[in-house]
*Asks:* 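So that we are looking at the same thing, I have put the structure below in structure tokens.
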Amino acid sequence: MIENVTDSVIYVGCDDTTDPLFESQYAVPNGMCYNSYVVKGDKTAVMDTVDKKVIDQWLNNVAEALNGNPVDYLVVQHLEPDHSAAIANFMDAYPEATLVTSVKAASMLPNFAVGKDYSDRIITVKEGDVLDLGGRKLHFVTAPMVHWPEVIMTYDDKDKILFCADAFGKFGTRKCEEEWDDEAARYFLNIVGKYGVQVQNVLKKAAGLEIAAFCPLHGPYLTEDLGHYIHLYDIWSSYKPDLEGIFIPVASIHGHTNEVAAKLKEILEAKGQTVKLMDLTREDVHEAAANCYRYPKIILVACSYDAGVFPPMERMLNILAHKNFQNRTIGFVENGSWAPSAAKTMVELLSKCKNLDLIEPVVTIRTSLKDSDIPALEKLADDIINA
């Protein structure tokens with residue numbers, strides 16, 4: 001279904017609720033949307049295409065928005081397949097259209113539009129270039145590694161819209177009823193989180209623009225309280241927490257380690273702390289990884305496994321190490337029946353991360369929680385509160 005963003009900018013994107021995973025790894029219980037926009041001046045531009053799953057629906061939406069009028073440009077801001085799958089379909093359907101991309105995207109395009117030669121139908125743009133549609137101008141802003149090297153964003157000087165590629169996007173269909181912050185955090189920190197410096201660079205560019213709306217490639221277009229979204233992106237890309245309290249992710253095989261984590265939560269709450277507890281064996285590991293970024297202090301609770309750590313915890317810590325996790329205070333609780341190894345392994349997995357304050361000593365549990373373990377948990381709670 002198409003709808004007007006403004007009198008002359010029309011949303012033509014598509015929702016998909018058929019695939020339970022985005023990018024074959026991120027759970028999307030509320031689906032995913034692939035956004036595209038038609039921008040009308042004296043000339044008309046279409047902003048990006050969509051994923052292969054919704055090409056036919058998208059082409060119908062574009063045709064409805066154009067209402068028989070010609071289209072002059074297809075602006076491709078990002079070549080990732082969920083946004084570029086319909087380039088060839090579009091260029092075949094609209095032979096009068098010119099493709100507009102960054103120089104880097106043009107060099108990559110043959111890998112995405114295999115067997116197609118658009119060399120006589122392409123314009124490449126760089127930072128500061130302008131495309132005049134007549135009555136409005138599109139200003140191009142390079143955004144390399146947010147989160148691919150070819151990415152550009154586009155500023156419409158008539159309606160003051162920043163078409164912001166994957167930035168300011170989220171999981172979920174565009175109008176699903178959920179808070180923006182949590183799913184946007186899970187999306188940003190797991191997909192773009194590695195590239196905080198690059199996001200900061202783009203935020204500095206955006207600060208010089210008068211922006212009335214963000215139109216991202218995923219999630220709703222944003223027209224109100226833009227300062228809130230910018231503030232969160234500034235925090236997340238600076239590797240600072242946006243929530244208060246202590247996060248406890250736990251990985252337990254038979255449930256004994258879950259009992260330890262629950263007791264630790266009880267102790268911390270009795271000391272006036274806000275605590276978020278997640279079971280990595282039953283809950284979304286990517287949400288847990290995002291929470292590690294969002295909370296200032298974390299206590300990792302895991303059982304030993306094959307002289308290492310139970311794999312659900314290992315997976316989360318590998319995500320953090322890959323995504324440039326840093327600047328946090330972390331405590332450790334390990335459980336092992338005969339040769340506890342979880343804490344040593346967790347420290348090793350985090351060794352690639354910067355500026356971590358690791359609380360010592362580690363608390364070691366032998367299989368079941370006992371009364372004699374409580375003083376060590378109390379001390380860990382006090383140590384992390386005072387860190």
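Note that these values count all heavy atoms, side chains included, but never hydrogens, waters or copies made by symmetry. Positions are given from 1, in the same order as the sequence printed here. Every value quoted in this text rests on a predicted model; they were computed, and no experiment measured them.
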*Asks:* Is it true that His256 and Asn335 share a donor-acceptor pair across their side chains at a distance under 3.5 Å?
*Replies:* no

*Asks:* What are the two closest heavy atoms between Met153 and Ala143, and how far apart are they?
*Replies:* CE-CB, 4.0 Å

*Asks:* Can you give me the closest heavy-atom contact between Asn324 and Gly193, atom names plus distance?
*Replies:* CB-O, 4.4 Å

*Asks:* Salt bridge or not for Glu269 and Lys265, using N-O below 4.0 Å?
*Replies:* yes

*Asks:* Considering the options Phe171, Phe168, Tyr34, which one meets the ring pair (Phe, Tyr, Trp, His ring centres under 6.0 Å) requirement together with His218?
*Replies:* Tyr34

*Asks:* Do Leu232 and Asp181 have side chains that get closer than 4.5 Å, going by heavy atoms?
*Replies:* yes

*Asks:* Atom NZ in Lys52, atom OG in Ser84: separation rounded to 0.5 Å?
*Replies:* 11.0 Å

*Asks:* So, are Lys126 and Asp129 salt-bridged, with charged N and O less than 4.0 Å apart?
*Replies:* yes

*Asks:* Looking at Gly196, is its backbone amide N or carbonyl O close enough to the side chain of Tyr239 to form a donor-acceptor pair, meaning the two atoms are under 3.5 Å apart?
*Replies:* yes

*Asks:* Do any N or O atoms from the side chain of Tyr26 and from the backbone of Asn190 form a donor-acceptor pair under 3.5 angstrom?
*Replies:* yes

*Asks:* Using a strict 4.0 Å threshold on nitrogen-to-oxygen distance, state whether Lys175 and Asp15 make a salt bridge.
*Replies:* no

*Asks:* So for atom NZ, which belongs to Lys240, do other residues, nucleotides or ligands contribute more than 12 heavy atoms lying within a distance under 6.0 Å?
*Replies:* no

*Asks:* Please check this pair: side chain of Thr257 against backbone of Ser252, looking for a donor-acceptor N/O pair closer than 3.5 Å.
*Replies:* no

*Asks:* Quick check on the hydrophobic clustering: are Val9 and Ile152 connected, directly or via other members, by side-chain heavy-atom contacts under 4.5 Å?
*Replies:* yes

*Asks:* Parallel, tilted or perpendicular: which one describes the rings of His78 and His83, with boundaries at 30° and 60°?
*Replies:* tilted

*Asks:* Which distance, rounded to the nearest 0.5 Å, do you find between the CD1 of Ile248 and the CG of Asp279?
*Replies:* 12.5 Å

*Asks:* Work out which heavy atom in Lys116 is nearest to a heavy atom in Ala88; give both atom names and the distance.
*Replies:* CE-CB, 4.0 Å

*Asks:* State, to 0.1 Å, how close Trp58 and Asp48 come at their nearest heavy-atom pair, and which atoms those are.
*Replies:* CZ2-O, 3.5 Å

*Asks:* Shortest non-hydrogen contact from Ser237 to Asp234?
*Replies:* OG-O, 3.4 Å

*Asks:* Give a yes or no answer on whether the side chain of Ser102 reaches the backbone of Ala105 with a donor-acceptor pair at less than 3.5 Å.
*Replies:* yes

*Asks:* Check this for me, if you would: do Asp284 and Arg186 make a salt bridge, where the nitrogen-to-carboxylate-oxygen distance has to be below 4.0 angstrom?
*Replies:* yes

*Asks:* Specify whether Tyr11 and Tyr221 have parallel, tilted or perpendicular ring planes, treating 30° as the upper limit for parallel and 60° as the lower limit for perpendicular.
*Replies:* tilted

*Asks:* Is a donor on one side and an acceptor on the other found under 3.5 Å between the side chain of Asp16 and the backbone of Met32?
*Replies:* no

*Asks:* Under 4.0 Å between a side-chain nitrogen and a carboxylate oxygen: does that hold for Arg174 and Glu3?
*Replies:* yes

*Asks:* Salt bridge check, Asp51 against Lys53: does any charged N sit closer than 4.0 Å to a carboxylate O?
*Replies:* yes

*Asks:* For the residue pair Tyr233 and Trp180, categorise the inter-ring angle as parallel (less than 30°), tilted (30 to 60°) or perpendicular (more than 60°).
*Replies:* tilted

*Asks:* Please determine whether residues Tyr37 and Val12 belong to a single hydrophobic cluster, defined as Ile, Leu, Val, Met, Phe, Trp and Tyr linked transitively by side-chain heavy-atom distances below 4.5 Å.
*Replies:* no

*Asks:* Under 3.5 Å, is there a donor-acceptor pair linking the side chains of Glu80 and His147?
*Replies:* yes

*Asks:* My understanding is that only one of Phe247, Phe188, Phe325 makes a ring pair (Phe, Tyr, Trp, His ring centres under 6.0 Å) with Tyr293; could you say which?
*Replies:* Phe325

*Asks:* Are Glu334 and Lys344 ion-paired here, with the side-chain N under 4.0 Å from a carboxylate O?
*Replies:* no

*Asks:* Between Thr6 and Asp159, is there a side-chain donor-acceptor contact under 3.5 Å, judged purely by atom types and distance?
*Replies:* yes

*Asks:* Please determine whether a side-chain nitrogen of the Lys or Arg among Asp156 and Arg136 lies less than 4.0 Å from a carboxylate oxygen of the Asp or Glu.
*Replies:* yes

